[in-house]
Amino acid sequence: LAPLVESGGGSVQAGGSLKLSCTAPGYLDSGYSAGWFRQAPGKEREGVAAIDADGYTSYAGSVKGRFTISRDKGKSALYLQMNSLKPEDTATYYCAAEGGYTDDVRLGLVPEFDFEGQGTQVTVSS
């Protein structure tokens, strides 16, 4: 499989919006879930959002209602629309995919992913 490649990160003021994109050739056709996680310096990795092969989605409580995950299988693309950004959203965001089936998304969980991209930085200033 080709690498997962993120784009769309940047700097924004609190309350602003950013849209992250990820090219995921092959991953979205696998039938498994894909999504995003983030990691801030000195903090643990946090699963942000996921979408499964049937379009079911799951979100971390900290972003629910503000972030929206979507995908375009025809373009092998995954997206994360981030609205009402807060300084605590500052982190490196990674596009990721599962390597096998789990029902985590159906259960409202963001799964542990098996593959990930290089990451894109998101900085939110107050």
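Note that the numbering runs from 1 along the sequence shown for the chain.
- There is no path of hydrophobic side-chain contacts, each under 4.5 Å, that joins Phe115 to Val110.
- Below 30°, between 30° and 60°, or above 60°: for Phe67 and Tyr93 the angle between ring planes is between 30° and 60°, a tilted geometry.
- Thr92 and Gln121 share a side-chain donor-acceptor pair at under 3.5 Å.
- A donor atom on one side chain and an acceptor atom on the other are not found under 3.5 Å apart for Ser62 and Glu88.
- Looking at Thr90 and Val122, their side chains never come closer than 4.5 Å, going by heavy atoms from C-beta outward.
- Judged by distance alone, with hydrogens and angles left aside, the side-chain atoms of Asp114 form a donor-acceptor pair with the main-chain N or O of Gly99 at under 3.5 Å.
- Of the candidates Asp104, Asp103, Asp52, Asp104 is the only one forming a side-chain contact (heavy atoms from CB on, under 4.5 Å) with Pro111.
- Looking only at side-chain heavy atoms (C-beta outward), Lys19 and Leu80 stay at 4.5 Å or farther from each other.
- You'll find the side chain of Asp89 reaches within 4.5 Å of the side chain of Arg66, heavy atoms only.
- Looking at Ser76, its side chain never comes within 3.5 Å of a backbone N or O of Pro25 through a donor-acceptor pair.
- At most 12 non-hydrogen atoms from other residues, nucleotides or ligands lie less than 6.0 angstrom from CD of Glu112.
- Ion pair Arg45/Glu116 flagged as a salt bridge, since at least one NZ, NE, NH1 or NH2 atom sits closer than 4.0 Å to an Asp/Glu carboxylate oxygen.
- Using a 4.5 Å cut-off on side-chain heavy atoms (C-beta onward), Tyr79 and Leu20 make no contact.
- Here the side chain of Thr120 pairs a donor or acceptor atom with the backbone of Gly9 at under 3.5 angstrom.
- Separating the NZ atom in Lys64 from the OG1 atom in Thr57 is a distance of 9.0 Å, to the nearest 0.5 Å.
- Glu6 places a side-chain N or O within donor-acceptor distance of the main-chain N or O of Gln118, the cut-off being under 3.5 Å.
- Considering only heavy atoms from C-beta on, Trp36 comes within 4.5 Å of Leu78 through its side chain.
- For the pair Tyr94 (side chain) and Gly35 (backbone), a donor-acceptor distance under 3.5 Å is absent.
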